[in-house]
Amino acid sequence: MGSADETKPFILSDPLLPSAPSSAVALAGEEDEQYPPIIYNHGHRPLRDLPFLILFILLILSTFALGIVASVRRNPNRAHASSFIYDPASSSCIPSSSTFFSSFNSLSLVSSSSSHFLRDLIWTLVITLLLALPIALALLSLLRHFAKQVVYSSIPFFIITPIFLNVYWFVGCQFGVTCRDSFPLAYRILVLIFVFFLIAIVVWIIFSNWHRIKLTVHILRIASAALVSNMLLLGVLPCLMLGLLVYFVPIVVFLVLVTFNGSIVPRAGDDGLYSCKWKQDRWVPAYFALAIITMLWSFATMLEAKVYVTSGTVAQWYFSMEGVKPRNSIRNSLRNAFGPSFGTVCFSGLVLGVVRFVRAIVDSARREDIAVGFIKLLLRCCANFLLTAFDFLNKFTINFAAITGENYCSAAKMTYELLRRNLLSAAFVETVSTRILVGLIFVISTLYAIAAFAILKAINDLGTETYYIAVLAWLLLMIVLGYFIHVLENVIDTIYICYAIDRDKAEVSKQDIHEVFVLLPLSRNHRSSLDTRTPFLA
C-alpha cells in the first residue's frame, strides 16, 4: 500500500467505498486524533492483562496442589464403609471379620442382545467419527466452488426433512403396539400439529429473509476460501480441544479421589443403637467448587483461544499481498495466544464464562417460577439487558485483540469506536449465513442417520435399539460438523473486522471481499440494496 495521501483520493472515488455522511467524516476526524491507525501487529507484543493471567495460573496450581494432597490423604476404607461395625469397647468403628465377596456375586453375564447392541453402537460411532472429517472437507469444498448451488438446493430440505420425520414417527407410532398404547391418539395429533407449526415458522423465516440469500451465498464462499487458504486450522484447533481434555483428566481424577477424604465414625440412631457412617472432611465441598470453577474457566479460555488463533491466522491472510501466502501464520497466532496475549484470552474467557453462568441462572429461574411478580420481572429484564450488553462488548473484542495485540479493555473500546466510526454494527454480521449453515449440517446429519438406520436394519435388526444407535450417530455428526461451522463463523467475524479496518483507513486489501461486505447493511434497521449493487456480485 502507498501512503495515505496517495491512496485516499483513489479509494474514495471507488464505488467499493462509498462516501460517508458528513457527520461520520467529522466523527472520524475527531477519532483519528485519539486512536493511531489500526494495522496487524507483526512485531513484538508486550504482556497484556497480567493480573488475570496470574489469577488463572494460581487457580490451576491450587487445584492441582490440593488434588495431590487429597490423593495422598485419601481413606481407602471409604469403599467398604458399609461393612464396618461399631465396637463398644473402643467406642469406634472397626472392620468386620467377613470378607467382601458379595460384590462379585452380583455380577451377571451380558445378554446376547446387549452384546450386539454395544458392538453395533461402537462400530457406528467409530465409522461416523472417521467419516466426519471427509464430510466436513467436502462441504467446505462445495461451499467454496458451488456455494450458490449448495445453498439453494439445500433450502427445500430444510422443510422436506422435518416434514418427513414428523409424518414418519406419527405413522410408525400408529403401527407400533407399544407406542400406540402408551401414547394416546389425541396427544399424537397435538404433537403432529405442533411440529407442523414449527415447520411453518421455519418457512416464514426463510421467505422473510429471501432478499439476503444471495448476499449469504457470497459470504459463505469468501469464508470458505479463507478457511481453505488456512486449512491447517482444521487440524490445529481440534488438537487444542484434545489438549484441554488431557488437561481435564487429572482434575477429574482428583475430584474422584477427594471424595475418599474423611473417616468412618459412629452415629447414634433414633433407637439409641450406634451404626457406622462415612463422614466427609469439611474442605471437600470447597475443593469441588474450586475444581469446577477452574474447569469452567479453562474451558471458556480455550474457546476464546481458538477464536484468537483463528482470528490471528485469517487476519494475516487478509492483510497479505494478493497471491502471497503468509509464512508461519498459525504458529505466530499460537505463540501470541499462549504467550503475551494469554492474559487477554483468560480475561475474555472469564467474561464469557460469567455471562453464560449468569444467563443459565436467569433462564433456570424463569423456568421454575410460575407466578412472576413485578420486581422479579424488572430484575430479570435488567439482567437480560446487562448480559446482552456484555455479549455485545465481547463479540469482536477477542478478534480485534488477535489482530492488534491490545489488552482486553482497550480492544473492546477500540472495536466499538472502529465500528461506530464506519457506521457498522457490532450486533450484526450476517446471521442468515449461520442459520443456513446450521440447517445444512442438520440435513446432512439427518440423511446420514437415515442411511445408518437402513444399513443397521438390514444387517442386524435390533428393534427399537436401532433407533437409539441412529440418533447417537446423528448427534455425533452434528457435534463434529457444528464444530466446523463454529470455526467458519469465527472466520466470518474476523473478515468483518478486517473489512472495518480497511474501511477505516480507506484501503482495499482484498477487493473481492469488499465487493461483498460493502453490501452489508450499515445498521440493523437497513437492508442491503442488492438490486442497485448486484453488478459487483455477478
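What you are looking at is a predicted structure, and each value in this text was computed from that prediction instead of being measured.
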* Worked check of side-chain contact (heavy atoms from CB on, under 4.5 Å) between Arg144 and Leu140 -> CA-CA 6 Å; Arg144 182 189 182 191; Leu140 181 63; 5.8 Å; no
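- No side-chain donor-acceptor contact under 3.5 Å links Thr446 and Thr161.
- Other residues, nucleotides and ligands place more than 12 heavy atoms under 6.0 Å from the OH atom of Tyr247.
- Between Asn490 and Val307, the shortest heavy-atom contact is ND2-CG2, 3.7 Å.
- The 12-atom threshold is exceeded at CH2 of Trp283, counting heavy atoms of other residues, nucleotides or ligands nearer than 6.0 Å.
- Annotation: salt bridge (charged side-chain N to carboxylate O under 4.0 Å, His left out) contacts of Arg73 (sequence neighbours excluded): Asp281.
- A distance of 5.5 Å separates CG of Leu165 from CD1 of Ile450, quoted to the nearest 0.5 Å.
- Taking both residues in full, the closest heavy atoms of Leu481 and Ile444 are given as CD1-CG2, 4.1 Å, listed atom of the first, atom of the second, then distance.
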* Asked: Do Ile60 and Phe64 pass the side-chain contact (heavy atoms from CB on, under 4.5 Å) test, and can you show the C-alpha distance, the side-chain angles, and the key distance before you say yes or no?
  -> CA-CA 6 Å; Ile60 294 175; Phe64 275 80; 3.8 Å; yes
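- Side-chain atoms of Asp504 do not come within 3.5 Å of backbone N or O of Ala500 as any donor-acceptor pair.
- Counted within 6.0 Å of CZ on Phe194, heavy atoms from surrounding residues, nucleotides or ligands total 12 or fewer; the atom is thus considered open.
- For the residue pair Asp502 / Tyr318, a side-chain donor-acceptor distance below 3.5 Å is found, with atom types taken as modelled.
- Pairing each heavy atom of Leu255 with each of Ala291, the nearest pair is CD2-CB, 3.5 Å.
- In summary, of the residues considered (Arg421, Arg420, Lys413), a side-chain hydrogen bond (donor to acceptor under 3.5 Å, both in side chains) with Glu417 occurs for Arg420 alone.
- Residue Met295 holds its CE atom at 5.5 Å from CD1 of Ile251, rounded to the nearest 0.5 Å.
- In this pair, Tyr499 and Phe517 present their aromatic rings tilted. The plane angle is within the 30 to 60° band.
- Surrounding CZ of Phe357 are at most 12 heavy atoms belonging to other residues, nucleotides or ligands under 6.0 Å away.
- Applying the salt bridge (charged side-chain N to carboxylate O under 4.0 Å, His left out) rule to Arg335 yields no partners; only residues at least two apart in sequence or on another chain are considered.
- Here Asp493 contributes atom CG and Cys498 contributes atom SG; the two are 11.0 Å apart, rounded to the nearest 0.5 Å.
- Two residues are said to be in side-chain contact when any heavy atoms from C-beta on lie closer than 4.5 Å; Leu475 and Ile479 meet this criterion.
- In this structure, Gln316 contributes its side chain and Ser329 its backbone to a donor-acceptor pair below 3.5 Å.
- Taking the side chain as every heavy atom from C-beta outward, Phe484 and Ile441 never approach each other to under 4.5 Å.
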* Can you check side-chain contact (heavy atoms from CB on, under 4.5 Å) on Val314 and Trp317, steps first, answer last? -> CA-CA 5 Å; Val314 173; Trp317 165 82; 4.2 Å; yes
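- Atoms CG and CG, from Leu303 and Leu237 in turn, are 11.0 Å apart once rounded to the nearest 0.5 Å.
- Side chains of Leu240 and Leu244 form no contact here, defined as non-hydrogen atoms less than 4.5 Å apart.
- Taking 4.5 Å as the limit, some side-chain heavy atom of Phe288 sits within range of a side-chain heavy atom of Val284.
- Remark: the Thr344 side chain and the Asp49 side chain contain an N/O donor-acceptor pair separated by less than 3.5 Å.
- Nearest heavy atoms, Ser410 versus Glu406: OG-OE1, 3.1 Å.
- Tyr308 approaches Ser341 most closely through the heavy-atom pair OH-OG, 2.9 Å.
- For the atom pair Asn399 CG and Thr404 OG1, the distance stands at 10.5 Å (nearest 0.5 Å).
- When atom types are taken as modelled, the side chain of Tyr448 and the backbone of Ala132 share no donor-acceptor pair closer than 3.5 angstrom.
- Scanning both residues, Leu53 and Gly343, for their nearest heavy atoms gives CB-CA, 3.8 Å.
- Side-chain contact between Val351 and Thr397 is absent, with no heavy-atom pair separated by less than 4.5 Å.
- Ring planes of Tyr496 and Phe396: tilted class, angle from 30 to 60°.
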* Leu232 and Thr313: side-chain contact (heavy atoms from CB on, under 4.5 Å), yes or no, with the steps? -> CA-CA 10 Å; Leu232 286 179; Thr313 304; over 6 Å; no
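- Between Leu129 and Leu125 the shortest side-chain heavy-atom distance does not fall below 4.5 Å.
- Two residues are said to be in side-chain contact when any heavy atoms from C-beta on lie closer than 4.5 Å; Phe56 and Thr294 fail this criterion.
- Judged by distance alone, the side chains of Glu304 and Ser348 do bring a donor and an acceptor atom under 3.5 Å apart.
- Under the 4.5 Å side-chain criterion, counting only non-hydrogen atoms from C-beta, Leu137 is in contact with Leu234.
- Checked against a 6.0 Å centroid threshold, the rings of Tyr408 and Phe52 do not count as neighbours.
- Judged by the 6.0 Å distance and 45° axis criteria, Arg74 is not positioned over the aromatic ring of Phe254.
- Thr310 places a side-chain N or O within 3.5 Å of a backbone atom of Lys306 that can act as its donor or acceptor partner.
- The CD1 atom of Ile330 lies 4.0 Å from the CG atom of Leu233; values are rounded to the nearest 0.5 Å.
- Around the CZ atom of Phe299, the shell of radius 6.0 Å holds no more than 12 heavy atoms that belong to other residues, nucleotides or ligands.
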